[in-house]
Amino acid sequence: MGLKVYNTISGKKEDFTPVTEGQVKLYVCGVTVYDHCHIGHARSAIVFDTIYRYLRSKGYDVTYVRNFTDIDDKIIRRSHAENIAWQEIGQTYIRSFYEDMDALGILRPNHEPRATEHIGDMITLVDTLLKKGHAYNVGGDVYFSVDSFRNYGQLSKRPLEEMMSGARVDIDEKKKNPLDFALWKASKEGEPSWDAPFGAGRPGWHIECSAMSTLFLGNPFDIHGGGKDLVFPHHENEKAQTEAATGGKFVNYWVHNGFVNIDREKMSKSIGNTLLIRDFLKEYHPEVLRLFYLSNHYRSPVDYNSQSIEDSNIALYRLYYTRERAAEAQKGKMFASQSYEMADEMVRKFNEAMDDDFNTALAISYIFDLSKDINRMVDEKDESAVPLIVAAETAYEYLADTLGLLQDTLESLESQGKSRHLARMGLDVAFVENAINDRIEARKAKDFQKADQIRTMLAEKGIMLLDTPKGTQWRIKTSVS
RNA sequence: GGCGGCAUAGCCAAGUGGUAAGGCGACGGUCUGCAAAACCGUUAUUCUCCGGUUCAAAUCCGGAUGCCGCCUCCA
């Protein structure tokens, strides 16, 4: 069975056929570097990272391009407000972006062009549009004429006439049509500018993605992605200007991820409820966010709330513990490799789910099925089942890897969680260990009342004790009350 | 005003014609000095409501209600 991808432009799932067999050209709109990234950026990054991982696991040779918008109104505004060079604003937030993305386990794309590195390509494109009569110059500002492009509105399914009647479009005297958008903005005092045959200035927002995607991937290319909000106007405009310039098709498959709400409310700066990635990471392991997002379909809106995140946190621990148990069951055992039908079945179903427009939520359910199966075999303590555990665990790792999960060690996951928790409670490891030692003594003396008092005391501080064959271990209580 | 989406158990959530995945929680059991973890079992005869099509509908069609997004910078 082949891959099916939901295409925004047709509103349907379509069979995926790349332009060149065996290769996928993928372009995803990156960020404007004027602030730290929030968990909405994280969703987009995680969704396309997962798509990228899956395409590679299917054997495609993927060329993945993700841009940085490092010249733009918001950057200039911030530069003026903080009295810092605009270039420096960009550098700062590109660094911040990488810190966040690396923490989240987002793989680096093949190319990460910055808009300012390709001004020349943009100028060429604007020039072409002027020469072809799709753009006009008003005192150094160059606008794209939407009336000159027959298919304008095709992607966002907004006929021109209807948008015209929309009351929310700014009336700009300079534009022939209120929907015309800037390809090039004339040079202004205190703003960066580049020389161009049609007048010095700086590029409009949409032109960079047209220039850079075409440069790195050619036309048409396979998949263009981004957040749902980019459908209009950004992608509509990219498409219009590129197709007007080349006369050919720009993109075959448009893929857009849904938005993140916080406690059922739209996350936005004006409401003041944006959550930065770095603030999230102070509380939880990065894979908690990944598991949470991938448990929802990428096109649906997702509601971020403490209950759901806590659920994902617990579930993530479960997956790590299973891997640990599988490893222990194999330790020091000799075994011949053996195929295991159940594991093969899970891999097959996993790929089938991912082939169906990247249904990660369904795909994840097979990881949990494998987890249950592995735990069951480990519990049975049947030596002859060890090869099956190995086979199941191999499948387990493959599924998790493809989704970018279980990339850390249990030790690291636990120690991060423990130190966060202890710091919050104002406790330290020595306190816990002393209490555990006291309890061990009490248990030796069969003073179970005292032992239970210690257990209760620690439980009240969110610390859970486990008496295992290897001795008493402790964990942070993950369950919510 | 225009365009689009969603409504599935206590909570989260997948499922677009063939008889309801998975996670979290709860309850019973195994295990344990007691617990925890893990496993086993139970937890939606039913998918917002009302009609229709069909041998068959959570899934298709029509209508109602409720929630949400976009049309403006935005992942």
Side-chain angles (χ1 to χ4, degrees), chain A residues 11 13 28-32 34 37-48 72-74 77 153 156-159 161-170 179 205 225-234 256-261 264-270 274 291-292 295-297 299-303 305 307-319 321-322 324-325 349 353 356 359-369 371-380 443 446-449 451-452 455-456 459 464-468 472-475 477-480:
Chain A
K13 285 182 198 171
V28 177
C29 286
V31 294
T32 300
Y34 74 105
C37 290
H38 53 63
I39 59 170
H41 296 107
R43 185 176 192 197
S44 180
I46 287 169
V47 163
F48 288 102
D72 149 281
D73 291 352
K74 293 187 287 294
R77 207 177 305 136
S156 51
K157 298 178 197 68
R158 276 164 236 259
E161 315 80 64
E162 280 181 16
M163 283 192 279
M164 302 280 281
S165 59
R168 306 180 71 179
V169 183
D170 280 345
L179 291 168
W205 175 34
K228 215 160 212 159
D229 56 312
L230 295 180
V231 175
F232 188 88
H234 189 236
H256 295 98
N257 66 276
F259 261 38
V260 178
N261 294 321
R264 308 202 65 204
E265 197 171 33
K266 181 184 170 167
M267 181 172 68
S268 81
K269 293 198 172 176
S270 52
T274 54
L291 180 61
F292 169 64
S295 296
N296 290 264
H297 191 94
R299 280 189 278 116
S300 307
V302 77
D303 187 51
N305 60 74
Q307 168 81 56
S308 292
I309 291 302
E310 198 54 46
D311 286 354
S312 294
N313 185 230
I314 293 167
L316 183 69
Y317 268 88
R318 176 186 170 82
L319 295 179
Y321 287 134
T322 297
E324 198 64 10
R325 298 187 82 212
K349 286 185 156 181
D356 185 15
N359 190 340
T360 53
L362 219 208
I364 284 172
S365 74
Y366 303 123
I367 300 183
F368 283 97
D369 286 346
S371 166
K372 181 163 279 194
D373 196 56
I374 289 168
N375 280 128
R376 185 184 53 76
M377 291 192 285
V378 171
D379 274 0
E380 282 170 5
R443 288 181 75 206
K446 301 273 188 225
D447 185 352
F448 293 120
Q449 200 185 346
D452 288 348
R455 179 194 287 291
T456 307
M464 192 170 79
L465 297 182
L466 292 77
D467 295 323
T468 74
T472 299
Q473 299 178 343
W474 61 284
R475 290 181 186 174
K477 255 173 99 175
T478 43
S479 59
V480 274

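The chains referred to below are lettered A, B, ... by the order of the sequence lines, with proteins before strands, and numbering in each begins at 1.
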Under 4.0 angstrom, heavy atoms only, what part of the nucleic acid is Asp379(A) near: base, sugar-phosphate, or nothing?
base
For nucleotides 7-10 of chain B, which of its nitrogen or oxygen atoms have a protein nitrogen or oxygen under 3.5 Å away, and what is each distance?
none

C40(B) OP1/OP2 closer than 4.0 Å to side-chain N/O of Lys372(A)
yes
Stacking between Tyr321(A) and A37(B), defined as ring centres under 5.5 angstrom apart with planes under 30°, is that present or not?
no
State which of A13(B), C74(B), C34(B) makes the closest approach to the side chain of Lys266(A).
C74(B)
Under 4.0 angstrom, heavy atoms only, what part of the nucleic acid is Ala361(A) near: base, sugar-phosphate, or nothing?
base
Test for a donor-acceptor pair under 3.5 Å between the base of A75(B) and the side chain of Arg43(A), counting only N and O atoms.
no
Side-chain donor or acceptor of Ser295(A) paired with backbone N/O of Leu291(A) under 3.5 Å:
yes
Looking at Phe259(A), is its backbone amide N or carbonyl O close enough to the side chain of Arg43(A) to form a donor-acceptor pair, meaning the two atoms are under 3.5 Å apart?
yes
Start with the C-alpha distance between Arg443(A) and Thr472(A), add both sets of side-chain angles, then the distance that settles side-chain contact (heavy atoms from CB on, under 4.5 Å), and finish with yes or no.
CA-CA 11 Å; Arg443(A) 288 181 75 206; Thr472(A) 299; 4.1 Å; yes
Sequence neighbours excluded, which residues qualify as salt bridge (Lys or Arg N to Asp or Glu O under 4.0 Å) partners of Asp369(A)?
none
Non-neighbouring partners of Lys13(A) that pass salt bridge (Lys or Arg N to Asp or Glu O under 4.0 Å), sequence neighbours left out
Asp356(A)
Given A36(B), A38(B), C12(B), which nucleotide is nearest the side-chain atoms of Arg325(A)?
A38(B)
Classify Ile364(A) by what it touches in the nucleic acid, base, sugar-phosphate, or nothing, heavy-atom distance under 4.0 Å.
nothing
Do Asp229(A) and G69(B) have a side chain to base donor-acceptor pair shorter than 3.5 Å?
no
hbond_proxy Arg376(A) side chain to C40(B) base (donor-acceptor, 3.5 Å cutoff)
no
Is there a donor and acceptor pair, one atom on the side chain of Asp467(A) and one on the base of C34(B), closer than 3.5 Å?
yes
Please determine if a side-chain N or O atom of Asn359(A) lies less than 4.0 Å away from the OP1 or OP2 oxygen of G15(B).
yes
Can a side-chain donor-acceptor contact be found between Thr32(A) and Asp72(A) if the only test is distance below 3.5 angstrom?
no
Of C34(B), C11(B), A75(B), the nucleotide closest to the side chain of Met267(A) is A75(B)
Quick one: label Gly40(A) by what it contacts on the DNA or RNA (base, sugar-phosphate, nothing), any heavy atom closer than 4.0 Å.
base
N/O (side chain, Arg318(A)) to phosphate O (OP1/OP2, C39(B)) under 4.0 Å
yes
Classify Tyr366(A) by what it touches in the nucleic acid, base, sugar-phosphate, or nothing, heavy-atom distance under 4.0 Å.
nothing
Contact class for Leu230(A) vs. all strands (heavy atom < 4.0 Å): base, sugar-phosphate, or nothing?
sugar-phosphate
Would you say Trp205(A) places a side-chain N or O within less than 4.0 Å of OP1 or OP2 belonging to C74(B)?
yes
Do Ser308(A) and Asn305(A) have side-chain N/O donor and acceptor atoms under 3.5 Å apart?
yes
Tell me whether the ring of Phe448(A) lies stacked over the G33(B) base, given a 5.5 Å limit on centroids and a 30° limit on the plane angle.
yes
Describe the nucleic acid contact of Ser365(A) in one word from base, sugar-phosphate, nothing, applying a heavy-atom distance below 4.0 Å.
base
